[in-house]
Amino acid sequence: QVQLQESGGGLVQAGGSLRLSCAASGTFLSTVSMGWYRQAPGKQRELVASTTSSGTNYADSVKGRFTISRDNAKNTVYLQMNSLKPEDTAVYYCNARLLVVGTTYARIEEYWGQGTQVTVSS
């Protein structure tokens with residue numbers, strides 16, 4: 001069993017900052033990628049930022065304001081969000097693709113966190 005435990009959401013004024021954390025726990029060999037998605041009311045879930053061993057990727061709307069980082073020893077990914085705007089208001093979901101190895105298989109499995117609300121007031 002694998003779990004993703006998120007923390008760090010909340011209410012902040014425009015221009016403020018928040019830091020999200022997501023820790024992966026359970027039985028897996030390694031993390032292939034970790035990232036953050038968000039979903040605002042009435043909108044589709046969208047990628048905010050992701051990180052792999054090759055580098056990082058950001059949505060255009062957050063470039064220069066958000067920073068994703070990773071602690072491999074703790075299987076934890078962080079999202080530092082600065083200069084927040086009201087349009088950043090959404091439920092933020094942690095995503096992880098993990099390498100899971102059994103006696104007869106090796107496969108990449110995808111997991112989602114429960115989501116954390118980020119609300120930016122104007």
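What's counted below: heavy atoms across the whole structure, side chains too, no hydrogens, waters or symmetry copies.
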Chemist: So, taking the atom named OG1 in T31 and the one named CG in L98, what distance separates them when rounded to the nearest 0.5 Å?
Modeler: 7.0 Å

Chemist: Can a side-chain donor-acceptor contact be found between E87 and T89 if the only test is distance below 3.5 angstrom?
Modeler: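 On atom types as modelled, these side chains do not qualify, holding no pair under 3.5 Å.
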
Chemist: side-chain contact (heavy atoms from CB on, under 4.5 Å) for V48 and L79? Distances and angles first, verdict last.
Modeler: CA-CA 9 Å; V48 177; L79 186 68; 4.1 Å; yes

Chemist: For salt bridge (charged side-chain N to carboxylate O under 4.0 Å, His left out), just list the numbers for K85 and D88, CA-CA rounded to whole Å, side-chain angles, deciding distance to a tenth of an Å, and then say yes or no.
Modeler: CA-CA 5 Å; K85 305 175 181 180; D88 294 317; over 6 Å; no

Chemist: Using modelled atom types only, decide if a donor and an acceptor are shared between the side chain of Y58 and the backbone of I68 within a distance under 3.5 Å.
Modeler: yes

Chemist: Can you tell me if R70 uses its side chain to pair, donor with acceptor, with the backbone of T51 under 3.5 Å?
Modeler: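 Between the backbone of T51 and the side chain of R70 there is a qualifying donor-acceptor contact (under 3.5 Å).
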
Chemist: Quick one: CG on L11 to CD on Q13, what's the gap to the nearest 0.5 Å?
Modeler: 8.0 Å

Chemist: Given the rule in the side-chain contact (heavy atoms from CB on, under 4.5 Å) test, do T27 and Q1 qualify, once you have shown the distances and angles that lead to the verdict?
Modeler: CA-CA 6 Å; T27 303; Q1 293 281 3; over 6 Å; no

Chemist: For the CD atom on Q3, are there more than 12 heavy atoms of other groups (residues, nucleotides or ligands in this structure) within a distance under 6.0 Å?
Modeler: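 Count not over threshold, so no.
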
Chemist: State, to 0.1 Å, how close M81 and V118 come at their nearest heavy-atom pair, and which atoms those are.
Modeler: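 Smallest interatomic distance, heavy atoms only, reads CE-CG2, 3.9 Å.
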
Chemist: Which is it for L4 and Y93 under the side-chain contact (heavy atoms from CB on, under 4.5 Å) test, yes or no, and what are the steps along the way?
Modeler: CA-CA 10 Å; L4 300 182; Y93 295 91; over 6 Å; no

Chemist: Going hydrophobic residue to hydrophobic residue with side-chain gaps under 4.5 angstrom, can you get from W36 over to V12?
Modeler: yes

Chemist: Are Y92 and R38 close enough that a side-chain donor and a side-chain acceptor fall under 3.5 Å?
Modeler: yes

Chemist: For Y78 and D71, what are the C-alpha separation, side-chain angles and deciding distance, and is it a side-chain contact (heavy atoms from CB on, under 4.5 Å)?
Modeler: CA-CA 8 Å; Y78 306 95; D71 185 334; 4.1 Å; yes

Chemist: For G10 and L18, work out which heavy atoms get closest and say how close.
Modeler: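 It is O-CD1, 3.9 Å.
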
Chemist: T119 and Q117: which non-hydrogen atoms are nearest, and at how many Å?
Modeler: OG1-NE2, 3.2 Å

Chemist: Please report the shortest heavy-atom distance between M34 and N75, naming the atom on each side.
Modeler: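 Answer, listing the atom of M34 first, then N75: CE-O, 3.9 Å.
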
Chemist: Can you give me the closest heavy-atom contact between L20 and G9, atom names plus distance?
Modeler: CD2-N, 3.5 Å

Chemist: Under 3.5 Å, side chain of T52 to main-chain N/O of S54, donor-acceptor pair present?
Modeler: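 At least one qualifying donor-acceptor pair exists.
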
Chemist: Tell me, do P86 and S122 make a side-chain contact under 4.5 Å, heavy atoms counted?
Modeler: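 Yes; the side chains approach each other to less than 4.5 Å.
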
Chemist: Does some side-chain heavy atom of N57 sit less than 4.5 Å from a side-chain heavy atom of L47?
Modeler: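 Yes. Closest side-chain heavy atoms under 4.5 Å.
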
Chemist: Decide whether Y105 and I108 are clustered together by the hydrophobic rule: side chain heavy atoms of Ile, Leu, Val, Met, Phe, Trp, Tyr closer than 4.5 Å, transitively.
Modeler: no

Chemist: Between Y111 and E109, do the side chains contain an N or O donor and an N or O acceptor separated by less than 3.5 Å?
Modeler: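 Yes, E109 and Y111 have a side-chain donor paired with an acceptor closer than 3.5 Å.
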
Chemist: Heavy atoms only: give me the nearest R97-N95 pair and the separation to one decimal.
Modeler: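 Looking at all heavy atoms of both residues, the closest pair is NH1-OD1, 3.4 Å.
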
Chemist: Please confirm whether W112 and Y37 have ring centers closer than 6.0 angstrom.
Modeler: yes

Chemist: For the pair E6 (side chain) and C94 (backbone), establish whether a donor and an acceptor sit closer than 3.5 Å, ignoring hydrogens and angles.
Modeler: yes

Chemist: Distance only, no hydrogens: is a donor on one side chain within 3.5 Å (strictly under) of an acceptor on the other, for N82 and S17?
Modeler: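 Side-chain D/A pair, N82 to S17: present.
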
